[in-house]
Amino acid sequence: MYLCAMQLSEQERIRRDSLVELRKLGIEPYPAAAFNATHRSTELAASFKDGMEVTLAGRLMSRRIMGKASFAEMQDSEGTFQLYLNRDELCPGEDKTTYNVVFKKLLDRGDFIGVSGETFTTQTGEQSLLVRELTVLSKSLKPLPAVKVDDAGNTHDAFSDPELRYRMRYVDLVVNPHVRETFEARSRIIRTIRESFDQQGWLEVDTPVLQAIPGGAAARPFKTHHNALDIPLYLRIANELYLKRLIVGGFEGVYEFSRNFRNEGMDRTHNPEFTVLELYVAYKDYHWMMETMENLIGDVCQSVHGKTQATLGGQEINFKPPYKRVTMRDAILEHTGIDIDGKNEAELRSACQSVGVDTDDSMGKGKLIDELFGEKCEHHFIQPTFIIDYPVEMSPLTKVHRDKPDYTERFELMINGTEVANAYSELNDPIVQRERFEEQLKLGERGDDEAMFIDQDFLRALEYGMPPTSGVGIGIDRLVMMLTNQTSIQEVLLFPQMRPEVFSTGPNLKALEELGIPSDWTEHVAAAGFDSATALSETSPAGLREKMNGYRKKNKLSLPALSLEEVEAWFSTIH
RNA sequence: GACCUCUUAGCUCAGCUGGUUAGAGCAUCUCACUUUUAAUGAGAGGGUCCUGGGUUCGAGUCCCAGAGGGGUCACCA
């Protein structure tokens, strides 16, 4: 499936030959000079008048050659534009090489070109550019997938294999315009959030990705090692504890678009590295944060769609604030009939079992409730909903509810049955925080391998005093999914994690020659599958001779057939 | 990590109960064509049927193992 450099397809060989031909004509296929276009495609379409002198640069995407005249599609960063090339307009003198040879023979779909000329409208009403000057900007050596779009907008022969699309996102972006749109939307979402926060005077900060203690969340980290300090370091699973230190330090609002890393499973909502926006604002609580979030997400939706509604998986999602607030207790009560209020661990465990939720002994009260919600409730919340007031046991960094001592001031924002944001009134009592960490430690001893580590320096920071603060983390990848109608996280990550591709390093022709194989034969021996001395040593002289003579016959080589003595001579150098 | 499923030309895909030299459309090459737009007409070339074993007179097809992808589940956000 993956060709090595020596085994080129027919189309690749032809393109390499064209490259040589261009140079023979004195045309450098990879010129160094800048090429300055006057317009981009959609910009030109918007301001289009007949008779404009314009220069465009882009990728040649299709050609319709009709003898002395041709039409071509050129694609730039914004869209496509039609070119009209006429032999005598492009080559007014005697020499018609630029049209007859360079354009018709040596250029291919995928090449970058620059064109200058005059705009006009064709008989069929299409905006076009009459090309008077053509510059080769970069030759493409591999054929792009042959995607075609008809008049009705139907795509034919789409480049749709997810493996190829994710591994070669550059190709995906060239031939699938909707992919580019998704990533433009992602950029717009992030920009809208950043602009909104900056307007509030909150500070964008950078905190460590390499952490000695992977804190702020419950997850398995990636571990690495620092040589100079000779200590283990972890890639961050969250940046929460660092942002809170900055609130201790006196900033009123801090935020960071944090790339987090978690060494866990991958599926259509999980990638090992993912982006969370974390925001902490002093003197606020989680009620304030809910209002802030619903307004923000309404604005973000507006910036992407021009309205506060969006379609997601065939359902209309309404992002217009305010969003419903449902307590964790009510959510579980509604969907399972179980009232978690006042129940102890044993009662919760049997309640879980009664509705078919699996449990094990390492699960504490918090985990049991979490399981109940995750299994039985989560997927019901399609429209944006704040699930509020989580049990103390599952929220070790959260302040206890002002009225309900068994609960915390925490909410998660659910959209389309998926958690998109998680926020608290932050726990700022250093003594209670220490106790909560110690409870986590006990859970760890019970076998919960995701229980939190104790970060002593963070506790010391709290002891210096942190103002009442509300903080939130928004899963940016998931938010982008919700707003771009994607059901897979891989569609909103430019380069989603994949198992590394295995590349053939190509045959080692030199090694074969050193064995005494004549240079006429080395490439054929390699092509027959014996591309290294090791591969040769695994066969026998007689077997190889038979194979190579068969290969000679099949490929009609003009070389004499091999004798057994010749082949045995190659083998004597191996052994 | 478990189960299901897929892998055939540059791309998208056919290929029946195992049986001539593995097919189609687009792409490529040759020729024709001065306003087309999934351009058109005529002709040609292009294959590690994912890899390695096995069954068989004979394997793209059946069996086993492996690689990679997708889906479902588990874990998690």
Side-chain angles (χ1 to χ4, degrees), chain A residues 1-4 7-15 17-18 61-73 80 82-89 99 105 108-110 120-126 128 130 141-167 171 175 217-220 237-238 260-276 358 370-371 374 378 412-414 418-422 449-450 473-479 481 487-490 498-502 504 527-529 554:
Chain A
M1 177 166 219
Y2 302 112
L3 297 173
C4 69
Q7 295 168 308
L8 297 175
S9 70
E10 181 193 31
Q11 295 190 43
E12 287 174 298
R13 282 196 303 271
I14 288 164
R15 283 172 182 236
D17 291 345
S18 299
M61 291 305 283
S62 74
R63 287 180 301 171
R64 296 181 288 278
I65 297 173
M66 287 158 295
K68 297 183 186 67
S70 303
F71 287 91
E73 295 298 324
T80 60
Q82 176 167 279
L83 308 179
Y84 174 67
L85 295 98
N86 180 300
R87 187 191 67 183
D88 299 324
E89 296 281 353
Y99 182 77
K105 306 279 181 201
D108 291 289
R109 173 179 155 80
F120 75 105
T121 307
T122 64
Q123 287 174 1
T124 49
E126 178 102 2
S128 305
L130 171 62
L141 296 182
K142 279 186 171 292
L144 288 167
V147 180
K148 293 218 168 186
V149 181
D150 66 20
D151 273 345
N154 302 313
T155 304
H156 301 263
D157 303 331
F159 179 59
S160 55
D161 181 333
E163 175 175 9
L164 297 177
R165 286 184 49 231
Y166 301 151
R167 286 197 195 280
V171 174
V175 301
R220 275 190 288 275
I237 55 173
N260 293 348
F261 305 85
R262 297 189 184 176
N263 204 342
E264 282 158 356
M266 295 163 60
D267 60 32
R268 67 176 195 285
T269 55
H270 297 87
N271 193 67
E273 57 182 292
F274 61 105
T275 303
V276 174
D358 290 337
D370 193 30
E371 207 65 15
E378 203 171 60
E412 287 192 359
L413 174 59
M414 310 296 306
T418 307
E419 178 195 341
V420 172
N422 180 17
D449 55 359
E450 289 162 355
I474 303 174
I476 292 294
D477 310 300
R478 287 185 180 178
L479 181 63
M481 287 167 64
T487 53
S488 162
I489 198 169
Q490 298 177 103
M498 301 204 93
R499 198 174 286 277
E501 189 174 345
V502 179
S504 160
K554 188 182 168 198

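Naming convention: chains lettered A, B, ... in sequence-line order (proteins, then strands); numbering from 1 in each chain.
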Novice: Sub-3.5 Å donor-acceptor pair from the side chain of A:S128 to the main-chain atoms of A:E126, do we have one?
Specialist: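 Indeed, once roles are kept as given, a pair shorter than 3.5 Å links the two residues.
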
Novice: Between the base of B:rU36 and the side chain of A:Q82, is there a donor-acceptor distance below 3.5 Å?
Specialist: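 Checked by distance alone, the answer is yes.
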
Novice: When you compare B:rG15 with B:rA24, how far apart are their P atoms, in angstrom units rounded to a whole number?
Specialist: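 These two P atoms come out 15 Å apart once rounded.
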
Novice: Compare the aromatic ring of A:F71 with the six-membered base ring of B:rA39 and state whether they stack according to the 5.5 Å and 30° rule.
Specialist: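 Answer is no, no stack.
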
Novice: Which value, in whole Å, describes the distance between the C1' atoms of nucleotides B:rC63 and B:rU56?
Specialist: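 So the two C1' atoms sit 12 Å from each other.
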
Novice: Would you classify A:D88 as touching base, sugar-phosphate or nothing, given that sugar-phosphate means primed atoms plus P, OP1 and OP2, and contacts are heavy atoms under 4.0 Å?
Specialist: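 Contact class for A:D88: base.
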
Novice: At under 4.0 Å between heavy atoms, what does A:N260 touch on the DNA or RNA strands: base, sugar-phosphate, or nothing?
Specialist: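 No contact.
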
Novice: Can you work out whether A:F261 or A:G125 has the more 5'-proximal nearest nucleotide on RNA chain B?
Specialist: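 Counting from the 5' end, the first nearest nucleotide belongs to A:G125.
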
Novice: Will you find, in the side chains of A:Y84 and A:S70, an N or O donor that is under 3.5 Å from an N or O acceptor?
Specialist: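 Looking only at side-chain atoms, A:S70 and A:Y84 do not form any donor-acceptor pair under 3.5 Å.
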
Novice: Would you say the side chain of A:T122 and the base of B:rU36 hold a donor-acceptor pair, judged only by whether the two atoms sit under 3.5 Å apart?
Specialist: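 Yes, a donor-acceptor pair under 3.5 Å.
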
Novice: Within the sub-3.5 Å range, which N or O atoms of nucleotides 12-15 of chain B have a protein N or O partner, and how far apart are they?
Specialist:
none

Novice: Assign A:E89 to base, sugar-phosphate, or nothing according to its heavy-atom contacts below 4.0 angstrom with the strands shown.
Specialist: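 Counting heavy atoms under 4.0 Å across all strands, no contact is made by A:E89.
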
Novice: When you match A:M498 and A:D477 each to their closest nucleotide on RNA chain B, which lands nearer the 5' end?
Specialist: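 Its nearest nucleotide being more 5', the pick is A:M498.
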
Novice: Looking for any heavy atom pair under 4.0 Å, which part of the strands does A:N263 touch: base, sugar-phosphate only, or nothing?
Specialist: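 Touches nothing.
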
Novice: Please list each protein N or O that sits under 3.5 Å from an N or O in nucleotides 40-44 of chain B, with the distance.
Specialist:
none

Novice: With distance as the sole criterion, do the side chain of A:E419 and the base of B:rA77 form a donor-acceptor contact below 3.5 Å?
Specialist: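 Checked by distance alone, the answer is no.
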
Novice: Wobble G-U and Watson-Crick pairs count when both distances are under 3.5 Å; given that, what is the 5' to 3' dot-bracket string of RNA chain B, with | for pairing to other strands?
Specialist: (((((((..((((.....[...)))).(((((.......))))).....(((((..]....))))))))))))....

